[in-house]
Amino acid sequence: MVTDPVPLQLAAELFPNGISRYAIGGLFVGLGTVVIYLGTGIPAGASTFLESTLSYVSGQSRFQQYVSSRDWRLVFTLGIILGALAFAATFQSGMITSSLYQPGTTGELYEVGGLTLWSTDVQPWRLLVGGFFVGIGTRIGKGCTSGHGVCGVGSASKTSITGVITFMIVAILTAQIVAALGVSP
Amino acid sequence: MSDRHPLFMPLILVGGLIFGFGLGFSHMARPEVVLNFLQFEDFGLVFVMFGAAIVTGVTFFLAPRLLGRAPLTGDQFERRLKSFDRNVLIGGSIFGVGWGLSGICPGAAYASIGIGNVTILWALAGMFAGAYVQGLWRSRQAATETAGAGAD
């Protein structure tokens, strides 16, 4: 038997699910951002939606500064949900298959009216507490994985690159510690 | 705003659709896959973030040079530049703790609803609560600063 060349072996170890679904998904994420940018000049991020939507129910000054953008941020978020639903109806449901898309084995699939949906196994308390920190952190830190990570890095912004390095390192440490403590999933 | 271009909202929606489809396709809407990256079990996330950043990077570089103003708003094309201060490090660290604990970030959480992940509502509730708490605190802080300056 011929052994795989070293690069292929490395790829199999570092990328057990291949690379194509990640790279193609990333190109789509970038493309969505580009469509909005070319039409409007807005480098859109996802986390400001939290504060801008809170401006509907709270009069606090911190939220009111986003009143002028809250309606389109709502539409952007609705688009994200529907875009992911379109993915669920096609690739996730097996209606479209491609060698470039590798389905995963995580979480649980379930069917609703011919639609294959997916649900996480990650425990609710992790999502709730983690979400709480995410909500505080992205807003104090001026951005999240899309604002800093995609638009900011794409802008070669030193602030964003520093932000990404910061949250990457802390997230890796946190995830490793949580896993070492035996919390799974 | 009433003077917005009629295609403004439809374009935002289309952009969001493509963005959300990409998050679904790349499996970033699945917290497990993000956690696998953070535990060094699957490095695919790097391709998502840098794949997306390269696409925006080329556009953000070329658009200001080749195009005049954005057709739907008349705004000038600019890069996304935020001022650097301690908050970027503090906030980034807090976000990192949350991301590492849950495997969820804002955009991916919205997309997660679209792929049927009802459990993600816990994360969304947490995010809104966190954003509310910091907003409350910072609004008070801003109010005190203004009052303090007025008293001088």
Side-chain angles (χ1 to χ4, degrees), chain A residues 14 22-23 25-26 28-30 32 34-36 39-41 43 46-47 50 60-62 72 75-76 79-81 83-85 87-88 106 117-118 122 124 127-128 130-142 144-146 150-151 153-155 157 159 163 166-167 170-171 174-175, chain B residues 11-13 15-22 24-26 31-32 38 43-44 47-49 51-53 55-57 59 70 72-73 75 79-82 84 88 91-102 105-107 110-111 114-116 119 122-123 126-127 130-131 134-135 138-139:
Chain A
L14 301 180
Y22 295 115
F28 271 97
V29 170
V34 161
V35 164
I36 293 174
T40 66
S47 60
L50 299 169
Q60 297 289 336
S61 60
R62 178 71 201 169
W72 74 254
V75 172
F76 179 50
I80 294 175
I81 297 173
L85 182 64
F87 158 76
T106 54
L117 298 173
W118 181 91
V122 174
L127 299 174
L128 181 70
F132 185 73
F133 282 109
V134 167
I136 296 177
T138 60
R139 302 326 304 139
I140 291 180
K142 306 181 185 186
C144 61
T145 34
S146 57
V150 176
C151 293
V153 170
S155 299
S157 152
T159 300
T166 307
F167 65 64
V170 176
T174 307
Chain B
L11 184 93
I12 297 276
L13 184 69
L17 282 169
I18 302 171
F19 191 95
F21 183 87
F25 195 93
S26 63
E32 280 94 330
L38 296 172
F43 285 86
F47 276 84
V48 183
M49 196 181 277
V55 174
T56 58
T59 312
L72 302 188
T73 54
D75 289 348
R79 290 152 69 206
R80 182 191 185 275
L81 302 173
K82 300 239 168 173
F84 183 81
V88 176
S93 301
I94 299 173
F95 172 43
V97 170
W99 199 33
L101 184 62
S102 63
C105 58
Y110 317 146
I115 62 169
T119 319
W122 287 103
M127 274 182 219
Q134 72 83 33
R138 292 175 103 184
S139 296

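Bear in mind that the values here come from a model prediction, so they are computed numbers and not experimental data.
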Of all residues at least two apart in sequence or in a different chain, which pass the ring pair (Phe, Tyr, Trp, His ring centres under 6.0 Å) check with Y110(B)? F49(A)
Could you have a look at A84(A), S47(A), S157(A) and say which one has the most heavy-atom pairs with chain B under 4.5 angstrom? A84(A)
Name the member of V170(A), L117(A), V153(A), T106(A) that forms the most heavy-atom pairs with chain B at distances under 4.5 Å. V170(A)
Of all the heavy-atom pairs spanning P43(A) and C151(A), show the shortest one and how long it is. C-SG, 3.8 Å
Check the orientation of F25(B) and F28(A). Use parallel for under 30°, tilted for 30 to 60°, and perpendicular for over 60°. tilted
Between G107(B), G57(B), S102(B), A111(B), which has the largest tally of heavy atom pairs under 4.5 Å with chain A? S102(B)
I'd like to verify something: which residue of G92(B), G98(B), G96(B) has the highest number of heavy-atom pairs under 4.5 Å with chain A? G96(B)
Among G114(B), A70(B), G135(B), single out the residue with the greatest number of heavy-atom pairs under 4.5 Å to chain A. G114(B)
Tell me, do T145(A) and W99(B) make a side-chain contact under 4.5 Å, heavy atoms counted? yes
Who wins among I12(B), L72(B), D75(B) for the most heavy-atom pairs under 4.5 Å with chain A? I12(B)
For Y22(A), enumerate each residue passing the ring pair (Phe, Tyr, Trp, His ring centres under 6.0 Å) test, keeping only those at least two apart in sequence or located in another chain. none
Of all of K82(B), M49(B), R138(B), which one pairs up most often with chain A through heavy atoms under 4.5 Å apart? R138(B)
Looking only at non-hydrogen atoms, find the nearest pair between C144(A) and P106(B) and report the distance. CB-CD, 3.9 Å
What's the shortest heavy-atom distance between R139(A) and A131(B), and which atoms? CG-CB, 4.2 Å
Considering all heavy atoms, the nearest M127(B)-V134(A) contact: CG-CG1, 4.0 Å
Option in L85(A), V29(A), V122(A) with maximal non-hydrogen atom pairs under 4.5 Å from chain B: V29(A)
With chain B, the option among A171(A), G32(A), G30(A), G154(A) that has the most non-hydrogen atom pairs under 4.5 Å is A171(A)
Answer key: most heavy-atom pairs under 4.5 Å with chain B among S146(A), S155(A), G141(A) is S155(A)
Most contacts with chain B, counted as non-hydrogen pairs under 4.5 angstrom, among T166(A), V34(A), L128(A), T138(A): L128(A)
